[in-house]
Amino acid sequence: MSGELTPSFSPADIEAPLYKKWVAAGYFKADASSTKPAFTIVIPPPNVTGSLHIGHALDHTLQDTLVRMKRMKGFEALWLPGMDHAGIATQNVVEKQLAADGLTRHDMGREAFIKKVWEWKSESGGAILDQMRRLGDSVDWSREAFTMDAGLSTAVLTIFKKLYDQGLIYRAERIINWCPRCLTALSDIEVDHQEDAGEFVQVRYGDGDVQITVATTRAETMLGDGAVAVHPDDVRYKDLVGKLVLLPLANRYIPIIADELVDPEFGTGAVKVTAAHDPNDFEMAVRHNIPFVVIMNEHGVMEGSDTRFDGMDRFVARTAVVEALRAEGRIMDEKRPYIHAVGHCSRCETTIEPRLSKQWFVKVAPLAKAAGEAVRDGRVRIEPEELAPRYFDWIDTMHDWCISRQLWWGHRIPVWYGPNDEVVVVGPGERAPEGFIQDPDVLDTWFSSALWPFSTLGWPVQSDDLKKFYPTSVLVTGYDILFFWVARMMMFGLFAMDGVQPFHTIALHGLVRDQYGKKMSKSKGNTVDPIEFMDTYGADALRFTLARGANPGKDQALAQDWIGGSRNFATKLWNATRFAMMNGATTKGDLPALDSLNAIDRWILSRLSQLISEVDVLLESFEFARACELIYHFAWDDLCDWYLELSKESLASGKSTDTKRVLGFVLDQLFRLLHPVMPFITETMWIALTENESLVIADWPVSNTEHIDKKAEKLVTELQEIITQVRRFRNDQGIKTSQKIPARFIAPDYIHDYVGAMAFVLRLELGEITPSAHCEIARVKVEFDLTHSIDVMAERARLEKDLSTAKKDKQTAEIKLANAGFMANAPEAVVIEIRERLAKTSAEIDRINAQLDNLTRI
RNA sequence: GGGUGCUUAGCUCAGUGGUAGAGCGUCUCGUUUACACCGAGAAUGUCGGGGGUUCGAAACCCUCAGCGCCCA
C-alpha cells in the first residue's frame, strides 16, 4: 500500500519481505552480456563453519554500500557470494561430532569421512548465508560459489600443475610448524605468537677441559642436540671451537662449531644445535653437516632419544630433563617465569612444535616480486595508502609457503608417486599411470582462496563472466587478512591471469572493537552479536552505525548505545517523512523554476546539491564515515530542524505548492543517497512517497550546480542566527515554549518575507506592540511586548557573555591586522576575512553595550 | 630487533596552515499542530611534553614520553 506510512517504524515488519522482493525481482543478478560497464566485488569467503560476527557485518555493509551505489549509477554490478571450505576448522567440527560417538576419522576411512563432511555441510554449514540476507547483502545468489565446488577444484588442479611445471612448487624436507593436536603442518601465518611464561635455563655441557654452558627455553630438545654453536668472533670460546663436548644425559659427544647466526649477546653466547627441532638450528646443521636427531613423534611425545625420557610428553620431559641435569649439577642458572613469544596453532591454540618433515612448498620469490610490483607501479591501489608499507614489508620478505596439510578435508594434492619414486602431477582431465599412488595430503585452504577472484568467474574456462567481470573492481576487507589472503590472491592472480591483477583497488577497513576500544575476544567476554542488534534496532541501524564508524583502515569502537542512536536517526527520518507526506510533499511534476522559489526552498536545494556532490566523492574514495556524517547532519539538522520548521508556516497556511514539490524532491534525493547504507527504510519511504517500483534500481542522484545559491544560504544563516538569539532570550527569561509573545520585527526588506515563518517557529504573535524588551543581531531587531517585566539579571548575564565573546574575537582580529608580517604575507582573501570579522565584532560590541545601557534604565 | 600507527571535550573519535568539531554522556527548560527513539538552550579542551619552521601550527620538521598493531 503506497502513499502512507505506519505511525511508527518497525524494521522487523519490513526487512524480510523487502529482501525477498529484491531477490525475486532479480535486481541483484548481474548480466555478463550487458553493455553497461562492469563493477565487481568478490566477497571475502566466510568459513563454511562460520556465523556472522560483527566484523563480517562491517565488511559486508561497506561492500553492499559500494555495490548498491554502483548499481544505481548504471554499472553492471556483481557482488559474488560464496564460502570457503576451511580445511582444519571444518574437519575439527566433524571430528568433534564423531568423537561424541567415540569414533575418529580413521575408524571411518577417508572416503566415508569426506562424505560425512559434505553431509555436515548440507545440513549445518553456511548458517552465515541466511544472516547475510538479514543484513540486506545485495549479492548475486545465482553465482554462489564454494571453494570445493567442481569448477573451483578444476582451477586448483590447473594452477597447481602450472606452478609445478614452472618449478614454482617443490617438495622438500624442512622444519615446518607442526600442530601436535591437529597432526598437520601449518604455514607461518597459521601460527599465532603469544607471550608465554616459560623457563630459561643455562646448562653446562661437557666435563674436565671441555666445558661449555648453553642457554635454552626448551631443555628437553637437548637430547637431540647435534652440536653446540658459538659466534666465530667470540673470544671466550675461541679455543673450544672444533672440540668435542659431552652431551649430558644422552652420553654422546658432539662438536662445538662456529656460525655467524649465533648472537654472542644472547644468553651465554653458546647455543645448542638441535637440527631436527628448530628452524635456525636446521640451517646451521645443513652448513656444518650436523646429523638430524629426531627425538619426538608427531604427537609431541619423546621418541627416539634412546634415553629414559622416551614416552614422556614434551612438557613433562622438559621438567624431567631439567631435574636430571640439576641432579648432575649442570644447571648454572635458571629464570622462571621467562616471558617469551611462543607459536600456537591458530585453530586450536596448541603450542606449535617445529618439526622436520617432508612437505610441499610454493617458491614465492618470483610470485611475490610480481605482487609487489603491481602495487608499486600503481596497477593496484591500496586504500588507505598508509597501509601499503605493511604490504611491502610482508611481501618482500616472504618465506616459501608450505602448502601441504595432513588432513582429509580439502583439495587433495594432485601428485602421484610411481613404484620407482616417479612423480607425476595430474592436471584436470588427466589420469595417473596405472599402479601410481596419490599423495595423501591436501592443500592449505588459502591455496584455493587465493584463486577466488577468477575461479569463481569460471577460470580456467574463458567464460563470459570472466571476460566481463575480471579483473574485479575493488577488494574490501580488513587489514588483518592482508597477508593471509590478499597477498596470496595477488600472487596467484597475476600468475594465472598472465599478469592481469585480480583487482584494481584494495580497500582496507579496520576491526570492530568494544566500546572502550579494546579488542573483542571470547575470553574477555566483550564480543557482540550482530543478529541481536538487528533484532533490537533493525538492520539499517546496525549498518548505519558501522558505516558511520568506518574511517579507512582504522579500527572502530562500537557500543550498543551507538546503534540505538542510529535507530533514533531512522525513526527521525520516518517521522519527518510522515510529516512531509501529511503536508502534501510530492515528487509529481517538474521542479518549479528556481527564481519562483522562496529563499528557504532555494537554500535546502543548495544544501542538497552540495551534499550530493560531497557524498559522491567520499563514497568513491571509501570515506564511509565522513559520507554518513554529512548525510546525518543534512537530514537531521538542515532538513528536520531548519527546513521543516521554517516551512511549517507556509505548509500550514497552504499558500505554497512550491514547497511541497521541493520537499518531495529533497526527500527523494536524500533517500537515494542514503539507500546504499540504509536500504530497507529508504526503500519503504521512497516507495510510499514516489509510488515507484524500487530504489534498488533507481538512478543515483546527481548534484545540480545550478542549485548552489550562496545568497539564499547567507539569508537563511541570518534567519538561523536571529532565531537562535530569540530562543536564548526566551530560555534565559524562563518563558515557556507554549507561551506566545506579542512581538514585531524591525528588519530590512529582504527579511520581510520570512518574518511569518520565523514567528511561527518562535511562537511570536505579530502585531503592533509596545516593546518592553528586544533581541538584536546585525541588521535585524525583534521587539517583544512582555506582560511581565523581564529578568534583568538573566538578560544582563546573557548580554555580558555575548559581549565578552565579541570582545575576544575583536581582539584576535585586531592583533592579526596590526601584525606587519601578517599583512605582508597572508593571502588577500584571509586579510579581507579578518577585516570583516573586525567590523562585525565591533558593531556587535556597540549593539550589546547599547542594550546593556537600556537595561540599566529599566 | 624491524615495520607501522596512535596520543584532540567525561567516553569513542573526526579534523593535513587561517577564530577547536561530531556522536554519546552531563546540566537547565519544555509535551509547540512529525518525532520524548523528541525539541530548545548550556557547560566542557594550555589539541601528550619540549624545541623548531611560518605572518600564522592540532596540522609541517626535530626530539622526548606513553599506548597499540603487524612481523621476527
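All chains are named by letter (A, B, ...) in the order of the sequence lines, taking the proteins before the strands, and each is independently numbered beginning at 1.
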- Query: Considering only the C1' atoms, how many Å lie between B:G18 and B:A36, rounded to the nearest integer?
  - Reply: 41 Å
- Item | Between B:A65 and B:A22 - C1' atom distance, rounded Å | 29 Å
- Message: By the 4.0 Å heavy-atom rule, please label A:Asp641 as base, sugar-phosphate, or nothing.
- Response: sugar-phosphate
What N/O pairs connect the protein and nucleotides 42-45 of chain B at under 3.5 Å? Give each pair on its own line.
{"residue": "B:A42", "atom": "O3'", "partner": "A:Lys801", "partner atom": "NZ", "Å": "3.3"}
{"residue": "B:A43", "atom": "OP1", "partner": "A:Lys801", "partner atom": "NZ", "Å": "2.5"}

- Respond yes when some side-chain nitrogen or oxygen of A:Trp636 is under 4.0 Å from OP1 or OP2 of B:G39, and no when none is. yes
- Task: Using a heavy-atom cut-off of under 4.0 Å over every strand shown, decide if A:Lys554 touches base, sugar-phosphate, or nothing.
- Result: sugar-phosphate
- Task: Remember a base hit wins even if backbone is also touched, and classify A:Phe9 as base, sugar-phosphate or nothing at under 4.0 Å, heavy atoms.
- Result: nothing
- Task: Mind checking A:Arg727 for me? I need base, sugar-phosphate or nothing, with any heavy atom below 4.0 Å counting as a touch.
- Result: sugar-phosphate
Using a cut-off of under 3.5 Å, enumerate the N/O to N/O pairs linking the protein to nucleotides 54-62 of chain B.
{"residue": "B:C55", "atom": "OP1", "partner": "A:Asn825", "partner atom": "ND2", "Å": "3.4"}
{"residue": "B:C55", "atom": "O4'", "partner": "A:Gly821", "partner atom": "O", "Å": "3.3"}
{"residue": "B:C55", "atom": "O2'", "partner": "A:Asn819", "partner atom": "ND2", "Å": "2.6"}

- Message: Less than 3.5 Å apart, any donor N or O on the side chain of A:Asp668 or A:Thr587 sitting next to an acceptor on the other?
- Response: no
- Message: For A:Glu795, is there an ion pair with A:Arg798 - N to carboxylate O distance below 4.0 angstrom?
- Response: yes
- Message: Under 4.0 Å, heavy atoms only, any strand: does A:Lys648 hit a base, just the sugar-phosphate, or nothing?
- Response: base
- Using a 4.0 Å heavy-atom cut-off across all strands, classify A:Gln811 as base, sugar-phosphate, or nothing. nothing
- At under 4.0 Å between heavy atoms, what does A:Arg567 touch on the DNA or RNA strands: base, sugar-phosphate, or nothing? base
- Query: Looking across every strand, which nucleic acid part, if any, lies under 4.0 Å from A:Asp732 by heavy atom: base, sugar-phosphate, or nothing?
  - Reply: nothing
- Task: Under 4.0 Å between any heavy atoms, over every strand shown, what does A:Arg513 touch: base, sugar-phosphate, or nothing? Just pick one.
- Result: nothing
- Task: Ignoring the backbone of A:Lys572, work out which of B:C24, B:C35, B:U4 is nearest its side chain.
- Result: B:C35
